[in-house]
J.: 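The structure under discussion is supplied below as structure tokens; questions concerning it will follow.
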Amino acid sequence: MGTNLRDRSGRVRLQVTGFVETGTLRFGMNIFYGGENVTESAKSQNDVPLETSTPTGEASLESIFCTEELHRRPSRPPDHEKENRALVALVSALADSPTTILQTLAETILEITQSDSAGLSLLTKEDGGKRFYWPAIAGMWNPHAGGGTPRNFGPCGDVLDRNCTLLLRHFERRYPYLRLVMPAAEECLLVPFHVKGKAVGTIWAIMHSDRRKFDAEDQRVMGSLGKFACSAYQALASIDDLKSQVAEREKAERGLRELTDSLEVQVRVRTQELEQRNKQLAEARARLTEEKLSLKRSETYLAEAQRLSHTGSWHLNVGTGEVGWSKEFFSIFGFDPNKTKPSYSLNLERIHPEDRHRVEQLRWAAIREKRDFEVEYRILLPGHSIKYIYSIAHCLASPSGNIEYIGAVMDITERKQAEEELRRSEAFLAEAQRLSLTGSFSYRLETEEFTWSEQLYRIFEFEQGVRITCGLIATRVHPEDIPLFNHMIHRAHRTACDFAFQHRLLMPNNAIKHVRIIAHGTQDKDGRLEYIGAVQDVTEHRLSEEALGKARSELAHVARVMSLGTLTASIAHEINQPLSGIITNASTCMRMLAADPPNFEGARETTRRTIRDGSRLSEVITRLRALFSKKDPTPEVLDLNEATREVIALSLSEFQRKRVILRTELADDLPLVTGDRVQLQQVILNLVLNASDAMSDVEDRPRELVIGTEREEGGRVRLTVQDAGVGFHSQAADRLFEPFYTTKSGGMGMGLSVSRSIIERHCGRLWAAPNDGPGATFSFTLPCKLEGVLGTRGLRANRTAVVGDAQLVQENS
Amino acid sequence: MVGRSLVLVVDDDESVRESLPDLLRELGFAAHAFSSAKEFLASDYLSQTRCLILDIAMPGMTGPELQRELWLRRQEIPIVFVTGNRDETVRSRMLDQGAVECLFKPLSHTALRKALKRRCAFEGHPACP
């Protein structure tokens, strides 16, 4: 019975089941106890004297009472066997068919008392016991079963009031109500019975004739049965209770179940409905949001796109004349969107008067033929500014014959200007190239494909558009510059780099041009090399530069002469001081000797001073020599490679000018040295410039200059400068370093001498050696940093002496 | 030596300071030498000095600076400059600025005597030879 409720309301189901089982158990127990009780009551009834239960009647009832006669009448012997059988039958009947137990009880009473009628009267429960009803009657009154009387309409009330067994004769005499009940009762034996101390009803037996009279045995048996009746009543009551409880419970359960079920169904249905609804709502909302967003996005995109592209849109209904413009349209045409109502004529007014007619004609021709059109025109804005407009329109002809146009206008002023600008800058560029004598080119190495500007063709005096190759270019390169040119091409092929070169061109008419090439190398993502560069004809510039160079060298010469002059003055001053003393002393001496008498003592003194000043003069000259060859050194730890690179950087333009190809071979692991950076750089510069000068007349081979550094045994580093110049005889190797020895026309012959003294003061060595081939190599070595510290001390000692002299000279000059 | 005109020598070069006073004495002057302008200014000789033989280039106060200092002190002592740098532009500048003479070292005693003589002719000094 609980399975229907199992899924959702398990708790309810369990309670119901538990109740039913408990009820069943209780029901069973009652039957058991009931049976036992009956047996016990039957026994005890035997032991108890009947007199104790005999009531005293009321005077009014006296006439019908004959209870005391029971004891006077001869009593039949008790038939215990029969009685027990009857009781057992009753008990089993109670167990098997409790609903009919009262009828069975009535029949049992009838049989045991051998009466004519027997039955039970029970007080009604519903009205608080105001009536008796007859649930079961056996015998002759059986047809009256189910009937009843008010409480005081029959003897039962009296029996209960007196709470004892009563024997009545012709009770209809007292209770007229019962006169109608036929056949009339001769004698009636009534026994009250109680449940839990409360009188609930009676059992009775009636004799309708005098064929037999009730005796004491009947009274005893009735008492015993009265006890049983009590049990039966209780059992029935319990059953009724249970039934009603079960029924109620079942009803409640059913109600509950129905309620639950209906609720569940309702909830389920409602939930489904809600879920469905929610889903629909969510979908609708998402759709709406998406649509809104997408709409907003589209709108924003469109507005932004229009703004960015300077494009406005419009539509025109030809039939109604209705016109619509986008925000950007207003903006392009210089209308205020808040104050202007779009109209065709308003649009037309803006069109430049010179273009208006053409645009009008074109538009109406298109409208007549219902076709798309596009047109370019100018608009004249307030303030007389002009915009260029490109307009495109699409015709939408509906079947009803209504013609509508949608279109876009684009502000192409900037594009027009840019085109114009481009045309102008192209013209400018060409002009600029012509004026600056500069051509530009690009060169793809992979395909050996050159692209030349017009001016470049002009510079090389090739016919415009001729296919350019390296070979073709080489025909114009000056033969002496071919090595340089080849070197440049070779370098360009090796790796993407930026380079700048100058070389000469030899034209077919033997004219010489100087060109400067600057190129930038790039590598595309596939690793293909491309150079983009410019070539400038610097012949004029070069010629003036050469003139300038000459002037510069003359100036340098003058400067040298002047510095020599300064030196001369300084030397003269230093020498004149003691010389002045010598001459004055000699003059005084002469005068003293010429005096009369001669002052021999004075003469001796002045002569002594003359000799002393002579030696002083000699010292001054020595000091001056020292000063001439020494400067104030500042020792520091330095990287010879770095110092060399700085010198190279300073000399690059010189190399370019002299068409020297420089190669550097600087060692990576060169130790540091200690020395005066400026002095060492002077030495390097001197060697490099000498090497460059030595190659100035070389035309039959590349003017290659190699600067290298390397680490030497014994904690020393070496720098070499190798040229391919005129060189020298090995016998002359030592004379090179003597002061004033020079092989150059403009040279002073001091550079190498000074350089050697600088290197020697750094505890190093400077020497020269002729090459196996043309040219010479100059080298010097220096101690590395650790040994250099000792050298520094030496430098410091020297320095002090030099400083002293320098101050002396400065103060006296 | 009393009555001889006092000629003072200011020169940082010791050989000049040693030799020149002897020659001046031989020429008939009283002579005294100072190694610096500062030393001279500190001495008592300023007012008695008839002529000053002044080296141009000296450490501390130079010859022309001393000349200016004397002007400021209103000590108008005739000055003969001497210099080791044979530079005519310097000489003419010195003469323009009021020097009696500017002589180059080494000094010729003839030129020196001439200069002092010119100075003495101007002063009408009796002791001049």
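Here is the naming used below: chain letters follow the sequence lines, and residue numbers restart at 1 for every chain. Treat the numbers as computed from the prediction; the structure is a model and nothing was measured. Quick note: numbers below take in every heavy atom, side chains included, and nothing from hydrogens, waters or symmetry partners.
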J.: If contact means a heavy atom pair closer than 4.5 Å, which residues of residues 582-591 of chain A contact chain B?
T.: A:I583, A:T584, A:N585, A:S587, A:T588, A:R591
J.: Taking only residues two or more places apart in sequence, or in another chain, which ones meet B:E14 in a side-chain contact (heavy atoms from CB on, under 4.5 Å)?
T.: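 Expected list: B:R17, B:E18.
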J.: Between B:D22, B:D11, B:I56, which residue shows the highest count of heavy-atom pairs closer than 4.5 Å to chain A?
T.: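 Answer, by heavy-atom pair count under 4.5 Å with chain A: B:D22.
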J.: Suppose we screen for side-chain contact (heavy atoms from CB on, under 4.5 Å). Which residues come up paired with B:P21, at least two apart in sequence or across chains?
T.: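 If we apply the side-chain contact (heavy atoms from CB on, under 4.5 Å) test to B:P21, skipping adjacent residues, the hits are B:R25, B:A31, B:A33.
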J.: Can you pull the side-chain hydrogen bond (donor to acceptor under 3.5 Å, both in side chains) pairs that have at least one residue in residues 37-49 of chain B, sequence neighbours excluded?
T.: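 Every side-chain hydrogen bond (donor to acceptor under 3.5 Å, both in side chains) pair that includes a residue of residues 37-49 of chain B, provided the two are not neighbours, is B:S35-B:E39.
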J.: Just how far is it from atom OG of B:S15 to atom CZ of A:R609, taken to the nearest 0.5 Å?
T.: 9.5 Å
J.: Do you know which two heavy atoms are closest between A:S580 and B:P106, and how far apart they sit?
T.: CA-CB, 3.3 Å
